[in-house]
Structures are given as structure tokens and as C-alpha cells.
Enquirer: 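This is the structure I have questions about; it appears just below.
Values reported hereafter were calculated over all heavy atoms of this structure, with side chains retained and with hydrogens, waters and symmetry mates removed. The chains referred to below are lettered A, B, ... by the order of the sequence lines, with proteins before strands, and numbering in each begins at 1.
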Amino acid sequence: MNEYDPDTIEKKWQDKWEDLKMHHAKVDEDKDPFYIIFAYPGISGYLHLGHMRCYTYTDFIARYKKMRGYSVLFPAGAHPTGNQVISFAKRVAEKDPVIMDYLRSNGASEKDIGKLSVPEGVIEFFKETYIKEWKNFGLHIDFSHFTDTSREDYSSFIRWQFKKLKDKGLLTQKPYYAPVCVSCGPVAVDPSETDLSQGGNAEVQEFTLLKFRFGERYITAATLRPETVYGQTNLWVDPDEDYVIVKVQGEEWIMSSPAMDKLSYQTEEIKMVGRISGRDMIGKNATAPVIHRDIPILPAKFTDPNIGSGIVTSVPSDAPYDWIALEDLKKNHEMLSRYDLQDIVERVNPIPIIESKEWGTNPAERIILEMGINSQAETDKLEDATQRIYKAGFHSGTMLESCGDYAGMAVQEAKENIRNDMLASREAIIFRDLSEEVICRCGEEVIMGKIPDQWFIRYSDEKLTEECKEHVKDMSIRPDSYANTIPETLEWFQDRSCARMGNWIGTKFPFDDKWIVEAISDSTLYPAHYVVAKHYNRGSFQAKQMTEDFFDFVFLNEGSVEDVSDSTGIPEDTLLEVRRDFLYWYPLDINLGGKEHMTVHFPVFLMNHVAILDRSHWPRGIMVNWYLTMTGGKISKSKGGADPIPDVADRFGIDTLRLYYAHSASPFVDKEWDEKEVFNYRKRLGHLWRMVHRIKEMNGSPGPVDGYLRSRFNRHLARAMDFMDSYSIRKSANVIFYDIAAEFEWYFKRGGENGELMDELGEKWVNLMSPFVPHMADELGSLWGIEYVNSSLLPNVEEEAISDNIERQETYLKGVMEDIRNILDIAKVAGNCIHIYVTPEWKVKVIEKVLSEPERGMGLMSGLVGELKAPPKELSKFLRRTLDEHRANQETLKNSVAIKELDILEKNIDFLEKEFDTSVKVYLASDEVYDPDNRKDKAIPGKPAIYIQ
RNA sequence: GCGAGGGUAGCCAAGCAUGGCCAAAGGCGCAGGACUUAAGAUCCUGUCCCAUAGGGGUCCGAGGGUUCAAAUCCCUUCCCUCGCACCA
């Protein structure tokens with residue numbers, strides 16, 4: 001036997017599979033189809049081990065289904081839609097050292113890198129790289145179906161899809177506010193920072209921009225808490241800051257210069273008409289909105305021109321910043337006299353407006369005293385205080401008498417109402433901003449912009465939502481937690497912008513060329529396109545022939561084949577073949593993807609299928625996998641942090657990684673990557689490798705434990721397949737790679753050596769391993785002369801071989817051995833003879849009697865006394881005990897009398913003697929036998945008495 | 001805040017739906033031994049506490065409850081993770 005050596009066998013088998021086109025899906029009407037995909041990757045860099053976790057799960061299922069007799073389609077593609085490819089190419093063109101290092105450390109050659117300065121080169125390179133890595137992982141993908149979203153055939157498909165959405169009234173246009181890079185157009189602001197170089201954690205904040213009449217003009221102040229307008233006492237302005245006067249909506253507004261820039265992206269006409277310094281406003285009054293009181297304008301340094309309008313309305317009752325600024329000012333005599341504010345400031349005092357359980361009616365003052373905040377400079381503490389007050393007020397607060405019509409209202413409710421009322425009375429507008437500075441990949445600033453005519457897919461459509469919610473009940477969705485939440489997710493899912501302008505790779509929007517379909521929206525129905533892509537890849541037709549008629553015919557069965565053939569120029573039999581393929585493969589059985597898809601991709605995947613295709617083609621299943629993590633964080637393609645896959649694969653072998661994925665954790669938890677753990681799986685495979693060889697070399701004759709092994713093996717076989725049928729991958733792997741192995745080990749220990757049985761079960765076992773570790777399984781399969789294990793079928797379960805009774809006997813023997821070990825342990829004696837006393841027959845009879853007539857309870861006693869030759873006292877005691885036991889656990893009781901104990905022990909004296917390295921004697925307790933320690937009376941059914949000498 | 005998921009021995013991780021063969025699978029780690037003298041090897045055995053005879057005690061985040069019986073069911077509570085949107 002040679003040692004397990006993945007390096008040589010893995011490459012060898014991958015080449016053979018390739019030669020034989022083992023992965024090619026065939027339309028075979030004699031077989032049921034099984035169609036599975038993983039969510040294809042966006043192109044933004046090398047794949048990492050987290051991706052491979054998802055792809056490998058997909059492969060387990062694909063290979064398993066194939067070995068269960070299905071014809072399996074497992075295609076793959078790539079998703080370059082977006083601007084990531086563009087910015088990647090740009091960074092390469094600029095020779096950005098980070099990206100160059102990233103490429104080189106992943107093994108890109110200088111020649112490769114040379115091609116990567118244009119987007120097309122990036123797409124080509126990574127497509128090839130992904131395919132190489134998938135092949136290297138032994139994935140059962142049929143690449144003849146490959147497509148990517150930048151191809152022409154794909155664009156034809158997407159244009160068709162959007163026409164269908166429009167026909168169904170599911171497209172609409174309306175204004176939309178989104179993060180926009182001033183040069184690239186819309187970008188996504190999220191912590192993974194795919195589009196960004198800074199500010200991924202920024203949140204969109206919706207300010208209410210309040211207008212304060214100031215002579216002929218208005219001073220603007222932005223607030224996140226419109227409900228506090230009743231507590232306004234003054235405005236804060238930075239005396240050293242220059243503000244701008246802008247013409248908006250026919251009025252002149254005062255704000256900071258950055259505020260004007262931001263606002264210019266959100267309102268139509270806005271023009272700067274002058275400047276005014278902060279100093280010039282101080283000491284004057286402005287009329288506050290809603291309360292229509294004149295409030296003074298006071299100096300402060302904490303205002304920031306980059307936040308809101310750069311001017312702050314002061315609510316010292318509820319805003320810790322305002323409260324302490326006011327206190328500071330009151331003490332600052334130099335400042336007061338400089339602007340002659342002494343008298344004014346005297347009159348400025350907090351006005352209670354909100355009462356909360358936690359903080360009472362003057363929360364700002366109270367929290368500042370409690371937290372011991374001494375000055376405006378303690379911004380961390382002030383931030384915290386603000387948050388705490390806001391939380392308490394928002395959730396449990398009510399508006400006080402001072403709040404006019406809103407008095408008595410819950411804060412939550414008042415907030416909405418006051419804001420809406422101010423908007424209606426034109427005393428305020430909405431102003432959106434990001435909570436921190438966000439910088440695009442291109443280096444430009446990202447701001448909130450208004451897009452007046454944004455296209456949306458109307459996912460809010462009630463009928464569509466209802467249909468989807470209804471349909472998910474019939475789907476197989478794993479894990480269960482996701483199945484439970486997806487109806488709510490569908491409900492919550494609102495209209496989604498589906499096109500964008502600017503620097504973007506994708507399909508031109510069919511109704512308006514200035515738009516390009518965005519990345520989520522062009523990846524919803526694509527499993528249908530995989531079927532078509534195969535024919536396109538073969539050259540059966542050109543992209544321009546893939547017209548609306550063509551897709552209508554293939555996916556919707558509309559139009560006659562003659563007409564469609566006429567209008568497209570595609571031969572009739574080709575059209576019929578594509579249609580047939582679609583009918584054969586669809587619906588999709590499983591879409592497998594990472595958990596980030598739960599609230600984004602999976603809902604739109606479902607909704608587009610339901611909206612466009614016939615009910616019979618709606619998807620059947622979704623499976624979600626969690627992440628592979630490294631030192632706490634998600635492994636990220638764009639940020640690196642993961643070892644190149646080829647390095648890891650070389651070190652451990654593919655099958656090791658595959659078993660690691662399958663077994664080290666359930667798919668539904670985040671898993672921390674740990675090389676030491678991976679290495680243990682490598683050792684495990686080595687162990688199994690040797691074991692299978694040992695099995696194959698076994699050539700003895702039948703023995704007493706054969707039945708047991710056969711029974712256990714078939715039981716495990718059934719379990720392993722049941723688990724796979726419900727996609728419980730880890731559990732199935734546990735049975736195959738651990739439970740079954742343990743049975744073989746026990747069999748050997750018991751002296752089993754039946755060559756024929758080993759030959760049969762060994763082969764079946766290798767078959768079972770194949771979906772998980774296909775390379776090793778094929779190599780081991782050759783011991784049996786199997787050419788390709790993965791193309792054979794999994795064995796049937798021999799129901800008749802599964803025997804509770806046979807298994808009970810072994811369980812009994814194991815139990816006796818455990819008892820002996822226990823005693824040896826405790827007694828710390830090295831016994832030289834073990835005496836075992838099997839229960840007297842009358843105890844068996846008692847149990848049988850109780851089992852047959854349990855309801856008679858102690859009433860059984862009278863009958864038993866006459867029937868059994870047993871000491872009445874003991875009999876009564878044992879009956880009572882048996883009745884107790886019966887109530888607690890009938891199974892144990894049944895098992896204890898279902899076996900011939902004496903027989904089992906006598907047959908296995910040799911084995912026991914060998915195991916314990918002593919002599920073993922077995923007796924029937926009712927006989928007059930050697931019993932120096934008076935133990936034999938302790939014997940009961942299922943648990944013999946033991947005496948160790 | 002809203003929604004979802006989770007807290008099991010040194011660690012990872014099953015079990016919980018259908019309460020009782022649960023001191024609680026399996027793996028890792030650790031300890032002892034075998035083997036060999038080299039490897040991150042392999043094979044046994046052990047691994048909550050007490051106990052020189054198979055027993056007893058405590059235990060599944062915490063606290064109550066239901067039950068003859070609770071890791072499993074119910075209630076309360078604490079803690080953790082994730083999603084809350086234009087990122088496949």
C-alpha cells in the first residue's frame with residue numbers, strides 16, 4: 001500500500017475527468033433533472049477560501065445528486081457588472097503599489113499584469129483565474145454553460161427581462177436620493193467598501209433644515225430632532241466663519257459654503273448671491289420656525305461648516321452640547337462683552353419640552369451633571385450623553401405642555417408630525433447628508449445627490465409580494481431560520497433602483513441609453529440564461545438574433561417556432577432544442593449563496609422569477625452559507641487578508657479542504673479559519689486511506705460479527721443519504737467519515753475478517769465518500785476496478801440487513817466490557833480472572849410479565865409467586881423495581897430481555913480474555929457456582945454481575 | 001429600536017422539534033501507555049468532582065415553573081452575533 005499522497009492523485013483525476021467530460025450535463029429524459037447554481041462572483045479580485053466554502057457545498061450536492069441518479073446541471077459564470085472592474089483597471093494603470101503587490105503575491109505574472117490596465121483585460125483575466133480555481137477544487141461544473149454579465153448574449157437577455165418587467169407594469173421612475181460620487185455617479189456606501197476608498201461606515205442622515213426668518217433672508221439650521229423645535233432658545237453661529245447667502249426657491253438662505261455645495265446636488269436651482277460673516281449675525285434675532293418666537297444668535301465654536309448648514313439651533317433642555325455651550329458662554333465675560341451679549345444671555349434659559357422616565361424634563365442638564373462633563377471640549381462624553389438622551393426620549397418620552405398641539409404625544413409620533421407639518425408650511429426642507437466623509441475609489445468626494453428620474457423595479461407590488469410569500473412556503477429553504485424570515489423580507493422589500501449612470505459596466509437600459517442596468521438587477525433570472533448560454537457558446541446563433549421573440553419563445557412559450565425562426569433567422573430545430581433544454585432543466589432546484597444575499601439577491605431572484613416566468617418554473621430551493629472568518633472579520637476579496645488559494649491547496653490537498661468545509665462546521669455558522677484544524681482533516685484522510693486498503697486486503701472467512709457490521713453499515717448508509725437529501729451536509733459527512741469508520745474499527749477489533757463482506761462494504765463506503773472527496777474516492781475506487789466512482793450510483797440500503805436484535809447483542813457486549821473496565825478502574829486491581837454471572841431466568845420472566853400487563857402493577861405479584869421459583873422477598877423487590885423502570889424507560893427494559901445473554905457471553909469468552917488479558921468465566925446466576933464475594937444475586941437482565949479476582 | 005439566530009464540559013461542536021437508554025456523540029487539546037527514533041507520524045487508554053466493585057454528587061448562560069422525570073417544554077432575566085437596503 002502506498003501512502004496517501006493528494007499531490008499526485010488530485011491532478012491525475014482532474015485531468016481524467018476533463019478528458020472524459022465527466023462534468024458535462026446531459027439532457028436525459030430517462031433521468032430526473034437536478035439544477036443547482038451558486039451565486040456567481042462579482043469580479044473584483046481573486047477568490048478566497050470563503051468563496052470556496054460556498055462553491056464546495058454546491059459541489060457536494062451536485063455530485064451527490066448525480067450519484068443518486070439525477071442528471072445534474074451545475075453551471076457557473078461571473079458578474080463583472082459595476083465599476084469595480086473599472087477602478088481595478090485604473091489602479092493597475094496607475095501602478096498603485098497595493099494592487100501590484102496584491103497581484104504579484106497571488107501569482108500573477110508581469111505579462112498578466114500588463115493586460116490588466118483596461119477593464120476588458122481585468123474581466124478576461126479573472127474569468128480565467130476563477131475557472132482555473134474552480135477546476136482545481138474538483139468542482140463538478142459544466143463550463144459549456146459559462147457566461148458573464150458583460151457579454152452580448154447576456155445583455156440581450158437582460159434587455160428582454162426589462163421589457164418583460166415594463167410590460168407587467170413593474171418598472172417606474174421617480175426621484176431618488178443616493179450616495180453619489182461627484183465624478184463616477186452613484187456608489188454603494190457599505191462597510192466592505194467595494195466602491196470606496198474611505199467612509200464605508202457612513203450612514204445616510206436625514207436632516208430637517210429649519211428656516212429662521214432673519215430680516216428679508218432666512219438663516220438655516222439643520223437638525224436630526226425636529227421634535228425639539230419647541231425648546232429652541234437661540235442659534236449658534238461661529239463668529240469666525242464666513243457663511244454664504246444662496247438663492248433657493250426664490251428666497252435667500254444663509255448657510256455654510258459646504259452646505260451649499262451639498263444642497264446643490266439635492267435641489268434644482270441654487271445660486272450663491274453673497275456672503276455674510278458669522279460675526280455680523282451675532283447678537284441679532286431670528287424668528288424660529290413653528291414657535292414663531294424671536295431668538296438671539298449667539299457665538300459658539302463647536303459648530304462645523306461640514307455638518308448640516310454650519311449653524312445650529314440650540315435646545316439646551318435636551319441637547320447636552322447646547323446646554324454646556326450656553327453655560328460656557330455665560331461664564332465667558334470676555335466674549336459677552338465683546339458682542340455686548342450680557343443682557344441677552346441672561347434671558348436664555350432651557351425650556352422643558354420632553355419628559356422621559358429615565359431623564360425627567362431637563363435631560364441635558366441632568367446627564368451633564370451625572371456624567372461630570374465640564375466643557376464643550378469633552379466631545380466623546382457629550383456624544384454619548386446625546387445618544388443616551390435621544391434613545392430614552394425617542395422610545396419612552398412624551399411631549400410636554402410647552403409643545404402646543406403636540407403636547408401629550410409620544411416623541412416618536414411627534415417627531416414625524418412636526419417634521420411633516422414644517423415641510424407643509426415651508427418652514428423646513430429635507431436635507432440629506434452622510435454621517436462621515438466618504439471618498440470614492442476614484443478619489444473624489446461622495447455626497448448625497450438627487451436623481452429626479454431614477455428607474456425602479458416595483459418590488460413593492462402587492463400582488464407580486466403575495467405570490468412570492470405564498471411560493472416560498474413550498475420551497476426548500478435552508479437554514480430554517482431563513483425560511484422563517486424570508487416572507488418578512490419580501491414584505492419589507494421596497495422598490496429598488498435598477499439602473500444607474502456613469503462609469504459602469506453592464507447592459508444598457510433598453511428604454512433609455514443614458515442608463516445602465518445596475519448590479520443586483522441584472523442578476524436575478526440568470527439561471528435561465530445559463531441554459532441558453534450553452535447554445536450561444538456553441539455558436540448556434542449570434543447575440544443580435546437573441547431578440548424579444550427569441551426569449552419569449554424559449555422562456556415563455558410564446559409565438560410559433562416558424563414565426564420566431566423567421567424573425568430571428570435561427571433554425572427551427574435550434575429553437576426547439578433550446579426550448580427543450582429550458583423545459584428540462586427548469587425550475588432551478590437550488591440557488592446557493594452567502595448570507596449577504598439574504599436581504600438582497602435572494603429576494604430579487606425570487607421576485608423576478610415569479611414576476612416573469614410561469615409558475616412551473618419558479619425556483620424550488622435556496623441554501624445560504626455563512627462566512628469563513630479570519631481573526632474576527634469576514635474575509636474580503638477587495639481588502640485581501642486571505643492566503644492565495646493555490647498555496648493553501650498545495651499544502652493540504654483539495655480533498656482535505658473539501659472535508660474541512662463539509663465537516664468542521666455546519667454551513668449555517670461563521671467558521672474561523674484554522675490551519676491546525678485543516679491539518680487534522682488531512683490526517684483523517686490518511687487514516688481512512690489506510691483503513692480502506694486494509695479493508696480491501698482482508699480475505700478471511702465469515703464470522704459472528706458480520707451481521708452486526710452489515711446492519712450498522714446499512715443503517716448509517718440510510719442516515720447519510722437522508723441527511724444529504726435535506727442538505728445537512730455536516731451531519732452526512734460525520735456519518736460517512738466518522739461513524740462508519742468507527743464501525744469498521746469495532747469489526748476489526750472483534751476479529752472480523754470476512755473478505756467478501758469487506759469487499760462489498762468497502763466499495764459502498766468509497767462510493768459514499770465520493771461527493772465529498774472525489775479525488776481520493778476515485779483513487780481508492782481503482783482498488784475495486786471502478787473507473788470513475790462519481791459516475792456510479794450510491795448503493796441501495798438493504799433494509800433487511802438492519803436488525804435491532806443483532807445490534808442489541810453487540811451493544812450488550814460493549815456494555816459488559818464497559819462495566820468491567822469501570823470496576824478495574826475503581827478497584828485498581830489487576831484482575832487475573834473475571835467471573836460473569838448472568839441473570840437468573842425468573843427475573844427475565846418478571847420483566848416480560850410487566851411488559852405484557854403493566855397496568856396490573858404490584859397485582860402481578862400473586863400470580864408470579866406461584867409461577868416462578870424465586871425467593872418471595874426478592875421477587876417483590878425486583879417487581880417493584882421493574883415497575884418503576886417500566887414507567888421511566890420501556891425501551892431499556894425491552895432490550896434487556898430481548899437477547900440471550902449467556903449465549904452471547906459464552907461465544908465471546910475468547911474476545912473478552914484477549915481484551916482484558918485475563919481469563920474469563922461465565923455462569924448462570926441461578927446455578928450453584930463459584931461465587932466467593934456473593935455477587936451473583938446482583939445480576940439482572942441486561943446487566944450481569946461481575947466479580948474480578 | 002425593530003426583526004432573526006444563539007449561549008452545552010479546556011476549546012470546537014452534536015443533542016433540543018417527538019422530555020426518560022444524556023455525565024451529554026464526534027473532533028481538537030491534554031495526560032498515560034505502545035511503537036519507533038522520527039513525523040505537525042501511527043495505535044491503544046483516559047480526560048466534570050468524589051469513591052480500592054460497576055456507586056454517589058454536581059452540570060448544558062442565570063432564576064423560576066410544569067412533570068414521576070427537563071440540556072430538551074413554559075415564563076422571567078442577562079449576554080453575544082447578524083440584518084435593517086441600494087454592496088454578487
Enquirer: Quick one: label A:Ser666 by what it contacts on the DNA or RNA (base, sugar-phosphate, nothing), any heavy atom closer than 4.0 Å.
Expert: sugar-phosphate
Enquirer: What distance separates A:Leu912 CG from A:Ile836 CD1, expressed to the nearest 0.5 Å?
Expert: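 So the gap between those two atoms works out to 5.5 Å.
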Enquirer: Rounded to the nearest 0.5 Å, what's the gap from CG on A:Asp933 to CD1 on A:Ile946? Could you check?
Expert: 13.0 Å
Enquirer: Which listed nucleotide (B:rG5, B:rG54, B:rA14) is nearest to the side chain of A:Asn484?
Expert: B:rG5
Enquirer: Which value, in whole Å, describes the distance between the C1' atoms of nucleotides B:rU76 and B:rC28?
Expert: 37 Å
Enquirer: For a quick check under 3.5 Å, do A:Trp746 and A:Glu810 share a side-chain donor-acceptor pair by atom type?
Expert: yes
Enquirer: Does the side chain of A:Thr524 come under 3.5 Å of the side chain of A:Gln161 through a donor N or O and an acceptor N or O?
Expert: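 A:Thr524 vs A:Gln161: donor-acceptor pair found between side chains.
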Enquirer: For a quick check of understanding: with a heavy-atom distance under 4.0 Å over all strands, which category does A:Ile946 fall into, base, sugar-phosphate or nothing?
Expert: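 If one applies the 4.0 Å heavy-atom cut-off, A:Ile946 turns out to touch a base.
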Enquirer: Which nucleotide in the list B:rA13, B:rA88, B:rA53 gets nearest to the side chain of A:Ile823?
Expert: B:rA53
Enquirer: Between B:rA88 and A:Glu596, counting only base atoms on the nucleotide and side-chain atoms on the residue, is there a donor-acceptor pair under 3.5 Å?
Expert: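 Such a pair is found, so the answer is yes.
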Enquirer: Provide the distance between the two C1' atoms, one in B:rA85 and one in B:rC80, to the nearest whole Å.
Expert: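 One C1' to the other, the span is 24 Å.
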Enquirer: Any idea which of B:rG83, B:rG15, B:rC86 is nearest the A:Tyr176 side chain?
Expert: B:rC86
Enquirer: Round to a whole Å and report the spacing from NE2 of A:His663 to P of B:rC28.
Expert: 10 Å
Enquirer: Measuring from the side chain of A:Ala945 (C-beta onward, heavy atoms only), which nucleotide among B:rG26, B:rA85, B:rG54 has the closest atom?
Expert: B:rG54
Enquirer: Take the protein atom OH of A:Tyr482 and the nucleotide atom P of B:rU81, then report the distance between them rounded to whole Å.
Expert: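 So the two atoms are 23 Å apart, to the nearest Å.
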Enquirer: Classify A:Trp626 by what it touches in the nucleic acid, base, sugar-phosphate, or nothing, heavy-atom distance under 4.0 Å.
Expert: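 The answer is nothing, as A:Trp626 stays clear of every strand by at least 4.0 Å.
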Enquirer: Closer than 4.0 Å, any side-chain N/O of A:Lys595 to the OP1 or OP2 of B:rG5?
Expert: no
Enquirer: The side chain of A:Gln494 is closest to which nucleotide in this list: B:rG3, B:rC87, B:rA85?
Expert: B:rA85
Enquirer: Rounding to the closest angstrom, what is the interatomic distance between B:rA62 and B:rA13 at atom C1'?
Expert: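 Their C1' atoms lie roughly 23 Å apart.
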Enquirer: Touch check for A:Pro603, heavy atoms < 4.0 angstrom, all strands: base, sugar-phosphate only, or nothing?
Expert: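 Since no nucleic acid heavy atom lies under 4.0 Å of A:Pro603, the category is nothing.
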Enquirer: I'd like to know if the side chain of A:Gln173 and the backbone of A:Trp455 have a donor-acceptor N/O pair within less than 3.5 Å.
Expert: no
Enquirer: Which base sits across from B:rA31 as a Watson-Crick or G-U pair, both distances under 3.5 Å?
Expert: B:rU45
Enquirer: Nearest to the side chain of A:Thr599, which nucleotide is it out of B:rG83, B:rG54, B:rA13?
Expert: B:rG83
Enquirer: Any salt bridge linking A:Glu677 with A:Lys671? Criterion: basic side-chain nitrogen under 4.0 Å from a carboxylate oxygen.
Expert: yes
Enquirer: Taking atom C1' in both B:rG7 and B:rC59, compute the distance separating them and give it to the nearest angstrom.
Expert: 15 Å
Enquirer: I need a per-nucleotide contact map over nucleotides 31-50 of chain B, read 5' to 3'. Cutoff is protein heavy atoms under 4.0 Å; write B for the base, S for backbone only, - otherwise.
Expert: ---------BSSS-SS----
Enquirer: I want to confirm an ordering. Mapping A:Ser481 and A:Glu677 to their closest nucleotides on RNA chain B, which one lands closer to the 5' end?
Expert: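 Upstream on the strand: A:Ser481.
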Enquirer: Reckon A:Phe668 touches a base, only the sugar-phosphate, or nothing at all at heavy-atom distances under 4.0 Å?
Expert: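 Touches nothing.
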Enquirer: Measuring only the C1' atom in each nucleotide, how far is B:rA14 from B:rA71? A whole number of Å is fine.
Expert: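 It works out to 12 Å between them.
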Enquirer: Given A:Ile729, which partner from the list A:Arg478, A:His663, A:Met623 fulfils the side-chain contact (heavy atoms from CB on, under 4.5 Å) test?
Expert: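 Option passing the side-chain contact (heavy atoms from CB on, under 4.5 Å) with A:Ile729: A:Met623.
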Enquirer: Taking atom types as modelled and ignoring hydrogens, do the side chains of A:Gln494 and A:Tyr459 form a donor-acceptor contact shorter than 3.5 angstrom?
Expert: no
Enquirer: Identify which nucleotide among B:rC84, B:rC86, B:rG54 has an atom closest to any side-chain atom of A:Lys943, counting heavy atoms from C-beta outward.
Expert: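 Minimum distance to the A:Lys943 side chain belongs to B:rG54.
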Enquirer: Name the pairing partner of B:rC21, where a pair is Watson-Crick or G-U wobble with both distances under 3.5 Å, or state none.
Expert: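 Paired with B:rC21, as far as the under-3.5 Å criterion goes, is no nucleotide at all.
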Enquirer: If we take the P atom in both B:rG19 and B:rG3, what is their distance in whole Å?
Expert: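 It works out to 29 Å between them.
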Enquirer: Report the distance from atom CG of A:Asp804 to atom P of B:rC21, rounded to the nearest whole Å.
Expert: 18 Å
Enquirer: Salt-bridge test for A:Lys174 and A:Asp495: reply yes if a basic N is under 4.0 Å from a carboxylate O, no otherwise.
Expert: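 A:Asp495 and A:Lys174: salt-bridged.
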Enquirer: P atom, B:rC43 versus B:rC68: distance in rounded Å?
Expert: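 Between the two P atoms, the distance is 50 Å.
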Enquirer: Using whole Å, what does the distance between atom C1' of nucleotide B:rA88 and atom CG of A:Asn625 come to?
Expert: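 Answer to the nearest Å: 12 Å.
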Enquirer: Closest approach to the side chain of A:Val600, judged atom by atom: which nucleotide of B:rA88, B:rC28, B:rC87 is it?
Expert: B:rC87
Enquirer: Considering only atom P, compute the distance from B:rG65 to B:rG15 and round it to an integer number of Å.
Expert: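 Approximately 29 Å lies between the P atom of B:rG65 and that of B:rG15.
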Enquirer: Among B:rA53, B:rG27, B:rA25, which is the nearest nucleotide to the side chain of A:Tyr947?
Expert: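 The answer is B:rA53, which lies nearest to the side chain.
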Enquirer: Can you tell which of B:rA53, B:rC12, B:rA88 lies closest to the side chain of A:Ser523?
Expert: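 Selected nucleotide (nearest to the side chain): B:rA88.
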